[in-house]
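Data block below; observations after.
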Amino acid sequence: MRLSFLGGAGEVTGSCTLVETGDARFLVDCGMFQGGHEAWAKNLSALDFDLRRLDFVLLTHAHIDHSGLLPRLAALGYGGPIHATKTTAELLEVMLLDSAHLQEKEAEWRSRHRDARRQHPMTPLYTVPQARACLAQLHPAAYETEFHPHPGVSCTFHDAGHILGSAIMDMRVRTPSGTRRLVFSGDLGQGAGGMLPAPTRIGSADALLVESTYGDRLHKASEETQHELVQAIGGTLARGNVVIPSFAVGRTQAVLYALADLARTGRLPPLRVFIDSPMAEKATLITRAHLELLSPPMRDLDAWMRRNPAELQLRYTHDVADSMALNQIRSGAVIISASGMCDAGRIKHHLRWNLPRRECAVLITGFQAQGTLGRRLVDGARTVRIFNDDIAVRAQLHTIGGLSAHADRNDAHAIA
Ligand SMILES: [Zn+2]
């Protein structure tokens, strides 16, 4: 049996392992390289092997650094099944289409900037139709249910507690020297107390491949984080708004539940929360449709939210007009929007309107990379440029530590 690490080893992103058992040939994950100048080139040259001879693909979870090159794999000629949990398949529909959209935009941008020297436009890594085609290759499987992706391979998904739908893959593979037990952890959650249950415990294995031990499972906010949120939000809403830039999948839901918990215990007044990001809305709806996958305290909290809609009024803004209407609200609104690093998406509009007002607050909940608008805010810029306007920064800026735990890892693979 041979394992080749095509990405991931020594890399922060781009997890992809080729397994050759002598009988079957398959991939575990097919992640995208993200961040840094070389990412584009690395993604273009990844998957440089005979992928038509692959029998199947298995996926540990939906994060882009584990799934982001699947549409490219399919576009390059892989037509076989991609096995993932049911919830991962649901999340992929949101994330891969969004990723394809970003790829198209990046290719467009690169084409514009190279036009002077080259005639040919850059082709995207993959397009939205290619991502859609790849989704048709998904074979969803339930947790704790053995399936056979190949006559010589059986596999069971166990809950990894990392993000919704994440799986530890427990496999038995036939090799020339007998049957071997192979376990892939993907990213793992961190144990009890969080939004998702602790990872399933696995007994012995012939080979155990652990991705990392610091996954970004959604934490119940610590006492310190709760205190920071109360300080930042409590005094603000009477006179201004609270704007929270947030990654759509994982972080937005962690923020939402942290706020709900504070409203339930009365430490914050009844809240009006707007989620203004189509991807965050979809990810939140998928999360709330799978309460069975959350930890028991989070399930209780969600049930409380449903029973007490006036305590946390949750609204999603569907179109751009709804989003722009938020700009008319002078006080009392909590606006959660993407992108998490403030450099794209609807969040820029909310910052443009709320940053100049000292009655407002901006809460930073995640890692802000060099060169992003979010980073300039964290670094204390007095004015920032948004849509070609110089915007004065007078709003109160708060960095909420507990919600950005493991941020360097998290945010590398949370695109929006
Ligand atoms: Zn992950």
Side-chain angles (χ1 to χ4, degrees), residues 98 102 105 228-229 231-249 251-252 254-256 258-259 271-281 283-284 314-401 403-404 407 410-411 414-416:
D98 182 76
L102 291 175
K105 280 208 298 202
E228 286 169 1
L229 285 170
Q231 293 292 310
I233 298 173
T236 301
L237 291 174
R239 293 182 303 130
N241 299 317
V242 174
V243 176
I244 309 179
S246 176
F247 301 98
V249 179
R251 186 68 41 78
T252 291
V255 169
L256 178 64
L259 296 179
L271 296 171
R272 259 200 313 164
V273 178
F274 297 88
I275 291 184
D276 185 30
S277 146
M279 178 142 117
E281 173 180 359
T284 305
L314 180 59
R315 302 257 169 77
Y316 301 103
T317 48
H318 295 282
D319 49 38
V320 176
D322 286 346
S323 174
M324 283 167 63
L326 297 182
N327 298 330
Q328 306 307 317
I329 302 177
R330 299 293 289 171
S331 67
V334 177
I335 301 168
I336 306 175
S337 185
S339 78
M341 295 195 202
C342 313
D343 43 359
R346 296 178 178 180
I347 188 67
K348 291 175 77 174
H349 293 276
H350 302 305
L351 291 173
R352 187 177 191 277
W353 285 90
N354 290 285
L355 276 177
R357 298 181 53 215
R358 42 185 112 253
E359 310 86 72
C360 294
V362 175
L363 271 57
I364 300 291
T365 62
F367 173 71
Q368 306 295 316
Q370 280 298 349
T372 60
L373 174 56
R375 182 54 172 263
R376 283 193 289 285
L377 290 174
V378 170
D379 287 346
R382 306 288 293 273
T383 59
V384 290
R385 202 147 176 90
I386 301 178
F387 300 128
N388 293 323
D389 284 328
D390 287 318
I391 304 295
V393 181
R394 296 195 197 93
Q396 311 300 313
L397 211 82
H398 302 268
T399 302
I400 308 294
L403 293 171
S404 62
N410 277 350
D411 300 339
I415 274 190

Quick one: list whatever passes side chain to side chain donor-acceptor pair (under 3.5 Å) with [X], sequence neighbours left out.
X	value
Asp390	Arg385
Asp389	Arg352
Thr372	none
Asn354	Asn241

For a 4.5 angstrom cut-off between non-hydrogen side-chain atoms, does [X] reach [Y]?
X	Y	value
Val362	Pro245	yes
Leu314	Leu256	yes
Ile233	Leu363	yes

[atom1]-[atom2] distance between [X] and [Y], expressed to the nearest 0.5 angstrom:
X	Y	atom1	atom2	answer
Arg375	Ile364	CZ	CD1	11.0 Å
His398	Glu228	NE2	CD	10.0 Å
Gln328	Trp353	CD	CH2	6.0 Å
Phe387	Leu351	CZ	CG	9.5 Å
Asn327	Ile335	CG	CD1	7.5 Å
Arg376	Thr383	CZ	OG1	10.0 Å

Counting only N and O atoms by type, is there a donor-acceptor contact under 3.5 Å from the side chain of [X] to the main-chain atoms of [Y]?
X	Y	answer
Thr252	Phe247	yes
Gln368	Gly340	yes
Arg251	Thr365	yes

Contacts of Arg394 meeting side chain to side chain contact (heavy atoms under 4.5 Å, CB included) (sequence neighbours excluded), chain-then-number -> Pro356, Arg358, Ala392
Applying side chain to side chain contact (heavy atoms under 4.5 Å, CB included), name anything that partners Ser323, two or more places apart in sequence or on another chain.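 Applying side chain to side chain contact (heavy atoms under 4.5 Å, CB included) to Ser323 gives Asp276, Arg346, His350.
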Taking it one step at a time, do Arg315 and Asp322 satisfy side-chain contact (heavy atoms from CB on, under 4.5 Å)? CA-CA 10 Å; Arg315 302 257 169 77; Asp322 286 346; over 6 Å; no
Closest heavy-atom contact between [X] and [Y]?
X	Y	result
Ser277	Ala248	OG-CB, 4.3 Å
Ala258	Leu229	CB-CD1, 3.9 Å
Ser331	Ile329	O-CG2, 3.4 Å
Leu373	Cys342	CD2-O, 3.3 Å
Ser246	Ile336	CB-CG2, 3.7 Å
Ile244	Val334	CD1-CG1, 3.9 Å

Determine, step by step, whether Arg239 and Arg357 satisfy the side-chain contact (heavy atoms from CB on, under 4.5 Å) criterion, reporting the C-alpha distance in whole Å, the side-chain angles of both residues, the deciding distance to 0.1 Å, and the verdict. CA-CA 10 Å; Arg239 293 182 303 130; Arg357 298 181 53 215; over 6 Å; no
Give the C-alpha distance, both sets of side-chain angles, the deciding distance and a yes or no for side-chain contact (heavy atoms from CB on, under 4.5 Å) between Val255 and Val273. CA-CA 11 Å; Val255 169; Val273 178; over 6 Å; no
